[in-house]
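Note that this is a predicted model, so its numbers are computed, not measured. Below, chains carry the letters A, B, ... as their sequence lines are ordered, and counting in each starts from 1.
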Amino acid sequence: MKTVRNPAGWPATQEQARAAQDELRGRVVLDEPGPPPGTGTVTGVDVAYDDERDLVVAAAVVLDAVSLQVVAEATAVGQVSFPYVPGLLAFREIPTVLAALDALPCPPGLVVCDGYGLAHPRRFGLASHLGVLTGLPTIGVAKNPFTFAYQEPGAPRGSTSPLLAAADVDAAHEDAHEDADEDADEVGRALRTRDGVKPVFVSVGHRVSLDNACAHTLALTPEFRLPETTRRADSLCRRALRETTP
DNA sequence: GCGACAG
DNA sequence: ATCTTGTCGC
């Protein structure tokens, strides 16, 4: 496990980071359904921080999509090079996550991120960003709704409700249709993965439809609220952080 | 101006 | 994210 360096030209300021998002956003592919749920492999990525030493450890864990058994895993260590700013999470996590993905001995298949994709202030969250940089199909599964409005889904597992972002009133030309409920965009879904338990917040990253993103998330939550991919990656990067003693 | 704010 | 005791339940 070797330490990572940022890609050349990686943004150093918030202004550069927002500009990078605005430019890369156009490369997101939204018209592909993505791999069918229950086929191939699914990979979870997550990171853990050491504030004392400004270290970040990333983990990538590949699961068989049917058995959810671990097929492969890898970790990477990096220096934290960006502060936590809501909306700019990717610039803190992605360089080390890329290194962990590179260290895998097999293709990742669908990548499940801890955070957002389209459900983002500039429609370019962590999952979208990772997808554009790798070309891989990605989705985001977040634990919190951020600032997006949503109705509480029904109590049974599998229930959903749209995550709504206020539409751009200036560009929407709402006058063209008088229908109600046309003044908001569905940027993701609140998805109940366990009966009566707080939902997770699913959004598309890259090259996956929202329906498929939700189906994958349900297939990954036979027992717990969070996807098995996220749980495995979370425990691995925490363990790797504990065992990192420079 | 003030509050809210993925991880 | 991370800091943390006990507790309830399978």
Can a cation-pi geometry be assigned to A:R92 and A:Y49, taking NZ or CZ under 6.0 Å from the six-membered ring centre and within 45° of the ring axis?
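Ring-cation test returns yes.
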With a 4.5 Å heavy-atom cut-off, do [X] and [Y] have their side chains touching?
X	Y	answer
A:L126	A:Y116	no
A:L104	A:V62	yes
A:Q14	A:F91	no
A:T221	A:L226	no
A:V45	A:D114	no

Assess whether a salt bridge exists between A:D211 and A:R189, defined as any Lys/Arg side-chain N lying under 4.0 Å from an Asp/Glu carboxylate O.
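Yes.
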Test: A:R25 and A:D22 ion pair at under 4.0 Å:
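Salt bridge flag = yes for A:D22 with A:R25.
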Protein within reach of the bases, or only the backbone? For nucleotides 1-7 of chain B, mark each nucleotide 5' to 3' as B, S or -, using heavy atoms under 4.0 Å.
----BBB
Do the ring planes of A:Y150 and A:F201 sit parallel (below 30°), tilted (30 to 60°) or perpendicular (above 60°)?
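Aromatic pair A:Y150/A:F201 classed perpendicular.
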Dot-bracket for DNA chain B, 5' to 3', with Watson-Crick and G-U pairs under 3.5 Å, [ ] for crossing pairs and | for other-strand pairs: what is it?
.......
Using Watson-Crick or G-U wobble pairs with both distances under 3.5 Å, give me DNA chain C in dot-bracket, 5' to 3', with [ ] for crossers and | for pairs to another strand.
..........
Rounding to a whole Å, what distance do you find between A:D234:CG and C:dA1:C1'?
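Going from CG in A:D234 over to C1' in C:dA1 covers 10 Å.
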Assigning hydrophobic clusters by single linkage (Ile, Leu, Val, Met, Phe, Trp, Tyr; side-chain heavy-atom cutoff under 4.5 Å), is A:F82 placed with A:L55?
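Shared cluster, no.
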